[in-house]
Amino acid sequence: MSTDTVIPTSIQLEFHDHSLLPLLFGDHDRNLTRIEQKLKVSLEAFGNTIRILGDEDNVPVAQRSLEALYKRLERTRDKGRAPYVFELGDVDAAMKWAIDDGQTGDIGRYAAGEGTLENWKRPVAPRSPNQAAYIKALEQNELVFGLGPAGTGKTYLAVAIACSLLKTRQVDRLILSRPAVEAGERLGFLPGDMKDKVDPYLRPLYDALYDMMPGEQVERRLAAGEIEVAPLAFMRGRTLSNAFVILDEAQNTTPTQMKMFLTRLGENSRMAVTGDPSQVDLPLGSKSGLRDAVDHLRGVEGIGFVEFTVADVVRHPLVTRIVQAYNSREAALLPDSDGR
């Protein structure tokens, strides 16, 4: 028999709480359809049972995915919270954990909601083992560098944990910053005053905030100074105490700017520095402060480093393929080992 022959197999799952099944299946069974499309399996629902049919590699992955999602619904119910409505990203995350489970055995951590951050809106949960490691690093270290491609949740999760700490009064304020570096545009030609010019660069940070808490609360806390969103240049000369401080797009800092920012850390404060070393918008020949900091600070006590890969991308699936295509091209352009 050929080693490429697909061996069909089937598993039947039974779920005891009928009230959770509409949430598990999703509107018009969209969650089941997602699993079928991604794993090339067939899911047949009869009452409170699901029969999974497919090849012997993918059927166990589908099984672990469905069981993990169901257990998360049970956990939400048992804690007396409002029913959790899965987004397709949650379903994708369950499959990602289930695939990795063959090597790590970590699917139980996902099912238990390990690393879930409580905010004013819906809880934010890690969607890959690397994201869970990132949240753990942010909880255990005073300074964490989150490195990797776009769409891996580096900034979003940093804002999520910052808001969680603010909600539980472990910090008094949030400070979110970005270098206002033009990615091919000219800042001076944008209309308006300085605030109008820099606000577009800070918009991703505002977007994350509005995902974590009601809009009126964001506005009130901004007005009161509990939340500050400002360009990196505004950090000079300050000591940032009792705060969670985030520097986003850190690859666009210079070494001098990075040193300035890192030395703002005050009492009872934490910092998250996020960036993609492959997307530097600094003038040609300028060294990135992010790369410089990583080179100098690895091994320093109290500093954590988490490196994301294309496998951690949680945006539209096309983003993963785009990042892979660029990475392949850049790898092909690297010089040979003899320097050619």
Show the nearest heavy-atom pair for residues [X] and [Y], with the distance to one decimal.
X	Y	result
T9	E56	CG2-CA, 3.6 Å
V61	A98	O-CB, 3.6 Å
S177	P231	OG-C, 3.4 Å
L20	L73	O-CD1, 3.6 Å
A62	I35	CB-CG2, 4.0 Å

For this session: Return each pair, listed once, that meets ring pair (Phe, Tyr, Trp, His ring centres under 6.0 Å) where at least one residue sits in residues 54-76; pairs must be two or more places apart or across chains.
Result: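 Residue pairs with at least one partner in residues 54-76: F15-Y70.
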
For this session: Taking atom CD of Q140 as the centre, report whether more than 12 heavy atoms of other residues, nucleotides or ligands fall under 6.0 Å from it.
Result: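 Above 12, so yes.
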
For this session: Assess whether atom NZ of K259 is packed by more than 12 heavy atoms of other residues, nucleotides or ligands within 6.0 Å.
Result: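 Atom NZ in K259 is not packed in, count stays at 12 or less.
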
Answer yes or no: is there an ion pair linking [X] with [Y], defined by an N-O contact shorter than 4.0 Å?
X	Y	result
E216	R221	no
K154	E249	no
E307	R298	yes
R34	D92	yes
D17	R77	yes

Answer yes if the side chains of [X] and [Y] hold a donor-acceptor pair under 3.5 Å, and no otherwise.
X	Y	value
E14	Q12	no
D211	Y156	yes
T274	T155	yes

[atom2] on [Y] to [atom1] on [X], rounded to 0.5 Å:
X	Y	atom1	atom2	value
L138	S164	CG	OG	11.0 Å
Q257	T254	CD	OG1	3.5 Å
K38	S65	NZ	OG	11.5 Å

Measuring only between side-chain heavy atoms, which start at C-beta, is [X] closer than 4.5 Å to [Y]?
X	Y	answer
L176	L174	yes
V306	F145	no
I246	V159	yes
R264	V245	no
W97	P129	yes
S269	F244	no
I161	V124	no
L32	L66	yes

Answer yes if [X] and [Y] sit in the same cluster of Ile, Leu, Val, Met, Phe, Trp and Tyr residues linked by side chain heavy atoms under 4.5 Å apart, and no otherwise.
X	Y	value
F46	L21	no
L13	L53	no
L88	L69	no

Exercise. Would you find a donor on one side and an acceptor on the other, under 3.5 Å apart, between the side chain of D248 and the backbone of R178?
Worked result: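 Not at all, since once roles are kept as given, no pair shorter than 3.5 Å links the two residues.
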
[X] and side chain to side chain contact (heavy atoms under 4.5 Å, CB included): which single residue from [options] fits?
X	options	answer
L147	L290, T152, V273	L290
L247	M271, M235, M258	M258
F308	N130, V313, D276	N130

For this session: From the options R30, R127, R72, select the one residue that forms a salt bridge (charged side-chain N to carboxylate O under 4.0 Å, His left out) with D90.
Result: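 Option passing the salt bridge (charged side-chain N to carboxylate O under 4.0 Å, His left out) with D90: R127.
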
Problem set entry | Any pair counted as side chain to side chain donor-acceptor pair (under 3.5 Å), so long as it reaches residues 40-53, sequence neighbours left out |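 Non-adjacent pairs meeting side chain to side chain donor-acceptor pair (under 3.5 Å): E44-R51.
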
